[in-house]
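Worksheet: the structure to be examined is printed underneath.
Just so you know, these numbers use all the heavy atoms, side chains as well, and skip hydrogens, waters and symmetry mates. The structure displayed is predicted, hence computed values, not measured ones. Naming convention: chains lettered A, B, ... in sequence-line order (proteins, then strands); numbering from 1 in each chain.
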Number of protein chains: 2
Amino acid sequence: MKVLAEQPISENANQELARFAKALGHPTRLQILQLLDSQACCFTGDLVEVIPAAQSTISQHLRELKNAGLIQGEINPPRVKYCINKENWRKAKLLFTHFFEE
Amino acid sequence: MKVLAEQPISENANQELARFAKALGHPTRLQILQLLDSQACCFTGDLVEVIPAAQSTISQHLRELKNAGLIQGEINPPRVKYCINKENWRKAKLLFTHFFEE
DNA sequence: TCGTTTCATCGTAAAACTACGATAAACGAT
DNA sequence: ATCGTTTATCGTAGTTTTACGATGAAACGA
């Protein structure tokens, strides 16, 4: 019992932190997050104009950020508006902060 | 000129932050860093006893952490003693902190 | 209904990552 | 010199990532 009770919490925290970190592990994705955070939100097209990569590539990065839970997309008819997922953003910030303060 | 002066700084910061984040993007590497940080330092063998992975796998993760600049190894004859690279650790902490506070 | 716009997804190719066993290198001790 | 210990590296296989062009889907306006 003790064995099962000791690990899971930090195990899960590590898994979650690793997921966030992995999502942050590419310069283009960092840039996307910075752009989304500086202006409230962004359409995909706005990002394509600023970031030097193909539209499909940016869409792929957006999907990874979405899968990691760091952003969320809201359909706004012909377009899709992306925003930071504030709840998970805060969670990620906390996990990183705790990690570096150990 | 303006074009060249505007980007490079944050470009480089993003590259560096992405490198750190990528290194943190695996649960085993997080665990290694936590172990190195909790006790001052560690020999590879100590890690192998605690982490459920082959010795070669752990050595590979150690190399990636070293390449990212987060740890450093000191040869201590038959063994190698690994420690956190405190300077880069601090740098990473700052980069993450700034990133999340934007 | 027919384009147009916007974005995601598919298909593909190259590169990188992950994990392992086997092997090699370095060194102390016998 | 040879052996045992410790660790890195090699070779390998399977998976994942990255990037792109091409294609598809959804929604709107003409």
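- Going from atom CD1 of A:Ile71 over to atom P of C:dC7 covers 13 Å, rounded to whole Å.
- Rounded to an integer number of Å, the gap from CG of B:Leu24 to C1' of C:dC17 is 16 Å.
- Once you apply a 4.0 Å limit to the heavy atoms of chain B, the touched nucleotides of DNA chain D run 5' to 3' over D:dT6 to D:dT9.
- Separating the CD atom of B:Glu64 from the P atom of C:dT18 is a distance of 5 Å, rounded to the nearest angstrom.
- The distance between atom CG of B:Leu30 and atom P of C:dT18, rounded to the nearest whole Å, is 12 Å.
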What nitrogen or oxygen pairs link the protein and nucleotides 8-13 of chain C at under 3.5 Å?
from  : atom 1 : to      : atom 2 : distance (Å)
C:dA8 : OP1    : A:Tyr82 : OH     : 2.2
C:dA8 : OP2    : A:Ser59 : OG     : 2.7
C:dA8 : O5'    : A:Ser59 : OG     : 3.4
C:dA8 : N7     : A:Gln55 : NE2    : 3.0
C:dA8 : N6     : A:Gln55 : OE1    : 3.2

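- Within the 4.5 Å cutoff, the side chain of B:Leu70 has heavy atoms near those of the B:Phe20 side chain.
- A heavy-atom distance below 4.5 Å is found between the side chains of B:His26 and B:His61.
- A side-chain donor-acceptor contact under 3.5 Å links A:Gln34 and B:Asn14.
- Here salt bridge (Lys or Arg N to Asp or Glu O under 4.0 Å) pairs that include residues 54-65 of chain A, with residues two or more places apart or in two chains, are A:Arg29-A:Glu64.
- Outside the 6.0 Å centre-distance limit, the rings of B:Phe96 and B:Trp89 are not counted as a close aromatic pair.
- Put simply, the side chain of B:Leu35 reaches to within 4.5 Å of the side chain of B:Ile51, judged on heavy atoms.
- Within the 4.0 Å cut-off from OP1 or OP2 of C:dC17, at least one side-chain nitrogen or oxygen of B:Lys22 is found.
- In this model, the phosphate group of C:dC17 is not approached by any side-chain N or O of B:His61 to a distance below 4.0 Å at OP1 or OP2.
- Under the 4.5 Å side-chain criterion, counting only non-hydrogen atoms from C-beta, B:Asn85 is not in contact with B:Ile71.
- As rounded to whole Å, 13 Å separates atom C1' of C:dA19 from atom CD1 of B:Ile32.
- Nearest-nucleotide mapping onto DNA chain D: of A:Pro52 and A:Ile75, the residue sitting toward the 5' end is A:Pro52.
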(request) Could you walk me through whether A:Leu33 and B:Phe99 pass the side-chain contact (heavy atoms from CB on, under 4.5 Å) test, one step at a time? (result) CA-CA 9 Å; A:Leu33 290 171; B:Phe99 179 78; 3.9 Å; yes

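- Map B:Arg29 and A:Pro78 each onto its nearest nucleotide of DNA chain C; the residue landing nearer the 5' end is A:Pro78.
- Side chain of B:Ser59 to main chain of B:Gln55: no donor-acceptor pair is present (N/O by atom type, distance under 3.5 Å, no hydrogens or angles).
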